[in-house]
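Quick notes on the structure that follows.
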Amino acid sequence: MTSERRRPRRGVETGLRTAAVWATVSALAEQRRQEVGRPLRVLDLGGGTGGMAVPLAQAGHEVIVVDPSPDALAALRRRAEEAGVSDTLRSTQGDADDLRTILRARVDLVTLHGALEVVDDPKATLDRISEIVVPGGHLSLVTAQRLAAVLARALAGQFGQARTVLDSDDGRYGASDPLPRRFDKSHVEALLTSSGFTVVDSHGVRLFSDLVPSVFLESDSERAALLELETAVATHPEFGLLGQIGSALHVVARRHN
């Protein structure tokens, strides 16, 4: 059982919130595997129940998930067992400050998806990650974008909240906002550069999927068409501004040699 790798779960490949990110991460991991001649050592920081970690382990990489939630890690272990990857996927409770103690060696790839907006200190988190990535290794970062929240609040008729998101330092619309912060593309890229990374690719994801009513996405063909549109717009050289209205920003960065 453990010698056979199942295909990644269909959800990560076709889910509206994950497909574009997975396509980038899986391609990056495969390219890097060919360059170094072995499976990668991957850290999924804040990886929760393993939506990205399990498919990476199924692809043959050695993955560790570090997450502060014991409940999420328990679900991850069950998921890893069901997927037959318990031999190459391990997990432990902790956060960025614990990485030097937890990791046995530096890693080739870090995935930090949906976590930078909730950590106590984003710059310190990126600094800790930089310390444990091998020179030439990569970071895949997905984080919430400010302009998407401006658009969403305006479309909901909350014009004052939309203006607050636009003007506030942290990109929040007020005390009831569930997120501690949102980022602009320039801010994220500046943080990465100051932490020792070079940005390789940066584009918005979920440009339309969080806005389109679910009634229009009931069939596989409708979902596939939307994903195709999302990819085309996000990567089009003339439409870079549209990427900034995606609900999330996906940045791939390379650790300086």
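What's counted below: heavy atoms across the whole structure, side chains too, no hydrogens, waters or symmetry copies. Residue numbers run from 1 in the order of the sequence given.
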**Item:** Donor-acceptor contact present, side-chain Arg41 to main-chain Arg106, <3.5 Å
**Value:** yes
**Asked** Under the criterion side chain to side chain contact (heavy atoms under 4.5 Å, CB included), which of Arg32, Arg38, Glu30 is the partner of Gln34?
**Response** Glu30
**Prompt:** Do side-chain atoms of Asp184 reach the backbone of His187 as a donor and acceptor pair under 3.5 angstrom?
**Reply:** no
**Asked** With a 4.5 Å heavy-atom cut-off, do Asp44 and Leu56 have their side chains touching?
**Response** no
**Gap separating the OG atom of Ser202 from the NZ atom of Lys185, nearest 0.5 angstrom** = 4.0 Å
**Contact summary for Ser130 and Gly196, nearest pair of heavy atoms** = OG-CA, 4.3 Å
**Request:** Please tell me if the side chains of Ile64 and Leu103 come closer than 4.5 Å, counting only heavy atoms from C-beta onward.
**Result:** yes
**Request:** Scan side-chain atoms only and decide if Glu222 and Ser219 contain a donor-acceptor pair under the 3.5 Å cut-off.
**Result:** yes
**Request:** Check whether the side chains of Ser140 and His113 place a donor and an acceptor atom closer than 3.5 Å, and report yes or no.
**Result:** yes
**Request:** Answer yes or no: is there a donor N or O on one side and an acceptor on the other, between the side chain of Ser195 and the main chain of Leu192, under 3.5 Å?
**Result:** no
**Prompt:** If you count the non-hydrogen atoms of other residues, nucleotides and ligands that lie under 6.0 Å from CD in Glu117, is the total more than 12?
**Reply:** yes
**Message:** Are Leu147 and Leu249 linked, directly or through intermediate hydrophobic residues, by side-chain heavy-atom contacts shorter than 4.5 Å (ILVMFWY only)?
**Reply:** no
**Item:** Worked check of side-chain contact (heavy atoms from CB on, under 4.5 Å) between Phe197 and Leu191
**Value:** CA-CA 9 Å; Phe197 290 95; Leu191 285 173; over 6 Å; no
**Prompt:** Rounded to the nearest 0.5 Å, how far does CG of Leu151 lie from CD of Gln145?
**Reply:** 11.5 Å
**Item:** Side chain Arg79, main chain Val54, donor-acceptor under 3.5 Å
**Value:** no
**Asked** What distance separates His138 NE2 from Leu28 CG, expressed to the nearest 0.5 Å?
**Response** 5.0 Å
**Donor-acceptor pair, side chain of Gln161 and main chain of Arg153, under 3.5 angstrom** = no
**Item:** Arg172 side chain to Thr164 side chain, donor-acceptor N/O pair below 3.5 angstrom
**Value:** no
**Message:** With no hydrogens and no angle check, just 3.5 Å: does a side-chain donor-acceptor pair link Ser86 and Glu81?
**Reply:** yes
**Heavy-atom donor-acceptor pair, Arg33 side chain to Leu40 backbone, under 3.5 Å** = no
**Request:** Consider only side-chain heavy atoms of I, L, V, M, F, W and Y, link residues closer than 4.5 Å, and tell whether Trp22 and Val42 are in one cluster.
**Result:** yes
**Item:** Sidechain N-carboxylate O distance under 4.0 Å for Arg181, Asp169
**Value:** no
**Asked** So, are Arg100 and Glu131 salt-bridged, with charged N and O less than 4.0 Å apart?
**Response** yes
**Asp120 atom CG, over 12 foreign heavy atoms within 6.0 Å** = no
**Prompt:** About how many Å separate CG of Leu139 and CD1 of Ile129, when rounded to the nearest 0.5 Å?
**Reply:** 5.5 Å
**Asked** Within the distance-only criterion (no hydrogens, no angle test), does the side chain of Thr193 pair as donor or acceptor with the backbone N or O of Glu189 below 3.5 angstrom?
**Response** yes
**Prompt:** So if you build clusters from Ile, Leu, Val, Met, Phe, Trp, Tyr with side-chain heavy-atom gaps below 4.5 Å, do Leu116 and Val142 land together?
**Reply:** no
**Prompt:** Val205 and His203: side-chain contact (heavy atoms from CB on, under 4.5 Å), yes or no, with the steps?
**Reply:** CA-CA 7 Å; Val205 291; His203 61 270; 3.9 Å; yes
**Prompt:** When you measure from the side chain of Asp177 to the backbone N and O of Tyr173, does any donor-acceptor pair fall under 3.5 Å?
**Reply:** yes
**Complete:** Rounded to the nearest 0.5 angstrom, the CG-OG1 distance for Asp67 and Thr49 is 9.0 Å
**Message:** For a 4.5 angstrom cut-off between non-hydrogen side-chain atoms, does Ser91 reach Arg77?
**Reply:** yes
**Request:** Measure across Ala29 and Leu109 and return the closest heavy-atom pair with its distance rounded to 0.1 Å.
**Result:** CB-CD2, 4.5 Å
**Request:** Would you indicate whether the side-chain heavy atoms of Val252 and Thr24 approach each other to under 4.5 Å?
**Result:** yes
**Atom pair CG/CG of Asp127 and Asp121 - distance to nearest 0.5 Å** = 8.0 Å
**Item:** Heavy-atom closest contact (Ser247 atom, Ala148 atom, distance)
**Value:** CA-CB, 3.5 Å
**Request:** Check step by step if side-chain contact (heavy atoms from CB on, under 4.5 Å) holds for Val118 and Leu179.
**Result:** CA-CA 7 Å; Val118 299; Leu179 286 184; 4.3 Å; yes
**Message:** Closer than 4.0 angstrom, basic N to acidic O: yes or no for Asp170 and Arg146?
**Reply:** no
**Prompt:** Looking at Arg255 and Val134, what are the two nearest heavy atoms and their distance?
**Reply:** CB-O, 3.6 Å
**Prompt:** Do Leu73 and Leu43 sit in the same hydrophobic cluster, where Ile, Leu, Val, Met, Phe, Trp and Tyr count as joined when their side-chain heavy atoms come under 4.5 Å apart?
**Reply:** no
**Prompt:** Hey, any chance Ile102 and Val110 share a hydrophobic cluster, counting ILVMFWY side chains that come within less than 4.5 Å of each other, even indirectly?
**Reply:** yes
**Prompt:** Side chains of Pro39 and Glu62: closer than 4.5 Å at any heavy-atom pair?
**Reply:** no
**Request:** Report yes if the side chains of Val25 and His250 come closer than 4.5 Å at any heavy-atom pair, otherwise no.
**Result:** yes
**Message:** Let's go through Leu89 and Leu76 carefully: what are the C-alpha distance in whole Å and the side-chain angles of both, what is the deciding distance for side-chain contact (heavy atoms from CB on, under 4.5 Å) to 0.1 Å, and is it a yes or a no?
**Reply:** CA-CA 10 Å; Leu89 194 160; Leu76 165 65; 4.0 Å; yes
**Asked** Which pair of heavy atoms, one from Gln93 and one from Pro70, lies closest together, and at what distance?
**Response** NE2-CD, 3.7 Å
**Prompt:** Looking at Arg254 and Gly136, what are the two nearest heavy atoms and their distance?
**Reply:** NE-O, 3.4 Å
